[in-house]
Amino acid sequence: MRSALVTHPSSLEHVSPNEHPERPERVAAAIEGVEASDLETVYVEARAATREELLAVHEASFLDRLQHFCAGGGGSIDPDTYAVGRSWDAARFAAGAGLTAIEAIERGDADVGFAVVRPPGHHAETGRTMGFCLMNNVAVSAAALVGRGRRVAIVDWDVHHGNGTQEIFFDSPDVLYVSLHHSPFYPGTGRAEEVGRALGVGATVNVPIVGGSGGSTYRRAFSRIVVPVLDQFGPDWLLVSAGYDGHVSDPLGGMALVVDDYGAMAAALGEVMKHSNTVFYLEGGYDLGAIRDSVAATLDGFASGLPALDSQGGSDPSIDSAVAVLSLFWDLD
Ligand SMILES: [Zn+2]
């Protein structure tokens with residue numbers, strides 16, 4: 001199998017004036033991870049998302065404000081989020097990297113893609129930056145695919161809830177958004193009861209997980225919720241908001257995942273998607289060694305074909321309470 005490693009030099013030019021955990025070294029760590037996997041690496045330079053592609057997700061006035069802010073040298077946008085002069089380009093290429101990966105897979109150049117870019121995206125909403133994120137990279141890809149009549153599933157295993165991705169597709173029946181996240185925790189959204197709105201009811205699937213949880217809880221969430229929901233939805237494309245801040249070594253996340261857990265989750269996704277039509281997006285993750293090793297495990301797991309999830313008896317309060325809500329919309333055992 002071949003993986004498209006999609007990145008761009010501008011990802012290194014979005015640099016905080018102060019020490020910030022979301023830093024350029026994360027890109028190098030993730031690139032090392034892609035290269036360390038057993039898949040053949042195909043190197044592809046990201047193209048920028050066009051304004052039209054960005055407008056499918058973001059408000060014109062928001063894009064204009066962000067461009068103007070960066071052109072003026074940038075600064076602190078909120079206590080978490082910053083931009084500098086080069087951040088406008090970094091954000092446009094980060095938003096285009098997933099589109100580039102999809103194009104590489106459609107050409108037959110690769111089976112799976114990894115968008116190794118920054119700033120990350122899943123907290124960015126239609127009209128605001130948030131949580132280290134400027135534009136919503138995964139949402140730009142999903143909107144482009146939906147515009148061509150495709151059904152898209154987004155699985156978000158970043159330790160934080162992807163409030164931006166949820167907000168953007170809350171009304172849409174064509175984009176399934178599935179998030180597993182530390183709760184209660186930043187950004188405060190992502191209760192199981194947040195299930196979508198209007199035609200989109202049921203297509204938002206939130207699995208809040210109590211802090212300190214590890215692989216057994218996440219594997220159970222995959223076998224009881226994520227895999228059956230994906231099978232029932234039947235996506236043409238799977239986009240994964242792959243944050244690695246759930247790793248036990250991460251300084252921010254407060255969870256206890258290890259490298260093998262990312263491999264097991266990716267293996268389950270590889271089975272669902274028959275090892276194709278899938279793009280991973282680097283979201284959070286602030287321990288460089290955890291990023292490198294977990295990215296490699298993600299691609300190896302996705303390609304493995306191994307049924308890596310344990311079939312466990314017993315119960316887990318986080319998963320049981322999510323299943324109780326989600327069973328109204330999905331056939332879950
Ligand atoms: Zn995160």
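Treat the numbers as computed from the prediction; the structure is a model and nothing was measured. One-based numbering, in listed order, for ligands and for the atoms of each.
Asp236 is linked by a side-chain hydrogen bond (donor to acceptor under 3.5 Å, both in side chains) to nothing, counting only residues two or more places apart in sequence or in another chain.
Of the charged side-chain nitrogens involved, at least one lies within less than 4.0 Å of a carboxylate oxygen, so that Arg224 and Asp320 count as a salt-bridged pair.
Restricting Asp245 to its N/O/S atoms, the shortest distance to the Zn ion (ligand 1) is reached by OD2. The Zn ion (ligand 1) is closest to atom OD1 of Asp158 (considering only N, O or S atoms).
Other residues, nucleotides and ligands place no more than 12 heavy atoms under 6.0 Å from the CG atom of Asp333.
The nearest N, O or S atom of His160 is closer to the Zn ion (ligand 1) than 2.8 Å.
Applying the side-chain hydrogen bond (donor to acceptor under 3.5 Å, both in side chains) definition to pairs two or more places apart or across chains, those involving residues 282-296 are Ser241-Glu283.
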